[in-house]
There are 2 protein chains.
Amino acid sequence: MIYGALEAGGTKMVCSVGDENLKILDRAVFPTVTPDTTIPQMIDYFKSHGISSLGIGTFGPVDLNENSETFGFITTTPKPHWGNTPILPFMRGALQVPAMIDTDVNAAALAEFSVGAAKGLRSCLYVTIGTGIGGGLIVENNLVHGLVHPELGHMLLRPLASDPAPDGFCPYHKGCLEGLASGPAIEKRWGESAKTLPEDHMAWTLEAEYLAQMCVNAIVSFSPEKIVLGGGVMHRSHIFPMIRRRTLELLNGYIQSSALLNGADSYIVPPGLGDFSGVTGALILAKRALEA
Amino acid sequence: MIYGALEAGGTKMVCSVGDENLKILDRAVFPTVTPDTTIPQMIDYFKSHGISSLGIGTFGPVDLNENSETFGFITTTPKPHWGNTPILPFMRGALQVPAMIDTDVNAAALAEFSVGAAKGLRSCLYVTIGTGIGGGLIVENNLVHGLVHPELGHMLLRPLASDPAPDGFCPYHKGCLEGLASGPAIEKRWGESAKTLPEDHMAWTLEAEYLAQMCVNAIVSFSPEKIVLGGGVMHRSHIFPMIRRRTLELLNGYIQSSALLNGADSYIVPPGLGDFSGVTGALILAKRALEA
């Protein structure tokens, strides 16, 4: 059985095929130009590999309400040409295979929950910190959709007085997580990329503060059994201990759980699947589509 | 069939019995003194009514992990005498009936979800704003427990510059929801009870701001299909429109959902069951205990 996995992003569409063991067999990348150009390229790719089903993890917002007339559409994205694009119906119609769609971060959360850092638990928050910030969520063994789907990057935080750009850089919200702590926010604030800022730069104190505030609010809101932090910014792994320490400081002993002992070392963690959470999650969605 | 419902609170224990239609047939209130005194009173009450099963909605923190050795214990409460109290094992052992336990706010959320303001949906956030602030949560049709259980009152907020007490009054956290917006926080800040503060008092601008921040963070974190606000402070119903307006201002059009149109009038709402969410939820837990 060959499964197709589509990681639909705002700059590139990563198409992969994998086997029943979630092993990736092949991969192709197409730039995200327009639906008219890019969708046929993806269809050709998956057709040539004879996939049995398809899983899609996509940028959003996306309509995940199965009872909606626009189920499986990318909806109100500011990305030119891609607003109101029926990506799931297009792909399923052309390929004639079962398909399942979710957000890119929900796909990653599903992978970490199924075979990664949160394996064996009943809940898991996956957050990617990169060009943007997004969160995928599994609660009591279910992917969370709800009214729309989580948009964790827009959580309102409490900017530090020492922050030279306390309003952040989100065009919608002053002082939201993405506006304060995404890769571009770091670079705009300090004039240097998160990739190269030295480990002792004040940027990391602020970054750890904001990610710790997010962890605290996630813990008190829905009590995830594991918080997985991925994405480009988290490749700077020296901030994991900083985030853990500050999360515990902010919680101040209020939440009693053995998971928070020993510095929360095994509670706030990098992805078990490294940079492969997204593709693995899309393959799991494909498996689920075939079983459904 | 007669069901027992125990609403276990820090000042009083409300014991009720109800029928299969969730109609309340009788009620008795015992002050929360010590387990040695109070638990036998409750056992006598329920024994005398010949209940078939018992549902408990309790103050917390409470251990809700069925695989834990302390499942059904009130754990680290600062309430004198009640730390580490096996309330579920005691009640079940003495009454010899099936019993189910959850937090008081999860019980209320379950009631609003089953027969109240969120009936027919798949998710619901219930928040009580009174002596304390707590949140109960249903996501994808399941009550949320997770690592511990939600402790929504301790969400970190962004205090307003115009707040005369911006740190709030929580002994654990500066500027958390409960510390800023509970009934006692209002009274400490303004020297007057939330019950009597005039509708045009600045207290309500601050209160609406903090509850709106909480609503925004809930919406972006787990996307509930309905937010139900109950508890004593919300009896001052003039703040509902203020909270809705401020929530939409803070979201700034980022979340596109028909539920947020028309001023979110039917999205952020009072309890459909008025002050009976808690007891109704405990009765539903009792029904579930019998069915399980």
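Labels below follow one simple rule: chain letters A, B, ... track the order of the sequence lines, proteins then strands, and each chain is numbered from 1.
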Exercise. Checking heavy atoms, do the side chain of B:V216, its backbone, both or neither come under 4.5 Å from chain A?
Worked result: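 Just its side chain gets close to chain A.
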Exercise. Relative to chain A, which segment of B:L137 carries a heavy atom at a distance below 4.5 Å: side chain, backbone, both, or neither?
Worked result: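 Answer is side chain: those atoms of B:L137 sit under 4.5 Å from chain A.
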Highest number of heavy-atom pairs under 4.5 Å with chain B: which of [options]?
{"options": "A:E140, A:R122, A:Q213", "value": "A:E140"}
{"options": "A:H145, A:M214, A:K174, A:K226", "value": "A:H145"}
{"options": "A:C176, A:P61, A:G175, A:G135", "value": "A:G175"}
{"options": "A:L121, A:L177, A:L157", "value": "A:L157"}

For this session: Determine whether more than 12 heavy atoms belonging to other residues, nucleotides or ligands lie under 6.0 Å from atom NZ of B:K79.
Result: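 Atom NZ in B:K79 is crowded, with more than 12 foreign heavy atoms closer than 6.0 Å.
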Exercise. Only one of B:S123, B:S223, B:P224 forms a side-chain contact (heavy atoms from CB on, under 4.5 Å) with A:L147, so which one is it?
Worked result: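 Of the listed residues B:S123, B:S223, B:P224, the side-chain contact (heavy atoms from CB on, under 4.5 Å) partner of A:L147 is B:S223.
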For this session: Go through B:L251, B:N141, B:I219 and name the one with the most non-hydrogen pairs under 4.5 angstrom from chain A.
Result: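 Heavy-atom pair counts peak at B:L251.
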Problem set entry | Atom group of A:L250 that falls short of 4.5 Å from chain B, counting heavy atoms |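 For A:L250, heavy atoms of backbone and side chain both lie under 4.5 Å from chain B.
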For this session: Would you mind checking which part of A:V139 comes under 4.5 Å of any heavy atom in chain B, side chain (CB onward), backbone (N, CA, C, O), both or neither?
Result: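 Contact with chain B: side chain only.
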Taking only distance into account, with no hydrogens and no angle test, what donor-acceptor pairs under 3.5 Å do side-chain atoms of residues 252-261 of chain A form with protein atoms, sequence neighbours excluded?
from	atom 1	to	atom 2	distance (Å)
A:N252	ND2	B:Y172	O	2.8
A:Y254	OH	B:E151	OE1	3.3
A:Y254	OH	B:H154	NE2	3.1
A:Q256	NE2	A:G253	O	3.0
A:S257	OG	A:A259	N	3.1

Exercise. Looking at A:F222 and B:S221, what are the two nearest heavy atoms and their distance?
Worked result: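 Nearest heavy atoms, A:F222 then B:S221: CE2-CB, 4.0 Å.
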